[in-house]
Amino acid sequence: MSRKKQISLRFSDAAEYYHEHAHVQREISDDTAALLGPGPLKGSCLDLGCGSGFLGGKLAVENPELKVLGIDLAPGMVRYASEKFAEHNNIRFEVGDAVTG
């Protein structure tokens with residue numbers, strides 16, 4: 001089994017646990033969002049390696065006119081994020097690989 005497949009499976013299995021316990025990732029997402037300045041943000045945003053949706057979700061919720069696409073290698077993360085932010089029509093999540101090969 002490839003390393004990418006192993007990573008995908010492990011993160012998929014841990015999606016709910018990850019979102020509840022990834023405090024550092026949440027802080028980094030908050031800091032990153034703050035760097036973008038005060039809203040409202042408009043246009044489009046691509047969140048590569050979106051995981052459970054910390055950054056993309058925050059941006060979509062706080063900026064209803066911003067269209068956000070979250071991409072992650074782990075289907076379980078994409079499923080979790082899609083369910084968590086289902087009520088927001090300006091964000092969607094897809095399984096994908098930012099790096100091919």
Check whether any side-chain heavy atom of [X] lies under 4.5 Å from a side-chain heavy atom of [Y], and answer yes or no.
{"X": "T32", "Y": "I28", "result": "yes"}
{"X": "L9", "Y": "I7", "result": "no"}
{"X": "L73", "Y": "K4", "result": "yes"}
{"X": "L59", "Y": "L36", "result": "yes"}
{"X": "I71", "Y": "L46", "result": "yes"}

Are the side chain of [X] and the backbone of [Y] linked by a donor-acceptor contact shorter than 3.5 Å?
{"X": "S29", "Y": "Q25", "value": "yes"}
{"X": "D47", "Y": "G70", "value": "no"}
{"X": "D72", "Y": "S52", "value": "no"}
{"X": "N63", "Y": "E65", "value": "no"}

- Taking all heavy atoms of A74 and all of S8, pick out the closest pair and write down the distance. CB-O, 3.5 Å
- Identify the two heavy atoms, one from G53 and one from A81, that lie closest to each other, and give their separation to 0.1 Å. N-CB, 4.1 Å
- Task: Salt-bridge test for E83 and R79: reply yes if a basic N is under 4.0 Å from a carboxylate O, no otherwise.
- Result: no
- Between H88 and F85, what is the ring plane arrangement, given parallel below 30°, perpendicular above 60°, and tilted in between? tilted
- Query: Using the ring of each side chain (for Trp, its six-membered ring), is H19 parallel, tilted or perpendicular to Y80, with breaks at 30° and 60°?
  - Reply: tilted
Nearest-0.5 Å distance that lies between atom [atom1] in [X] and atom [atom2] in [Y]:
{"X": "C45", "Y": "L55", "atom1": "SG", "atom2": "CG", "answer": "6.5 Å"}
{"X": "N90", "Y": "S44", "atom1": "CG", "atom2": "OG", "answer": "10.5 Å"}
{"X": "M77", "Y": "K84", "atom1": "CE", "atom2": "NZ", "answer": "13.0 Å"}

Are [X] and [Y] joined in one hydrophobic group, where the rule is that I, L, V, M, F, W and Y side chains link up if heavy atoms are under 4.5 Å apart?
{"X": "V78", "Y": "L69", "result": "no"}
{"X": "V95", "Y": "F54", "result": "no"}
{"X": "F93", "Y": "L66", "result": "yes"}

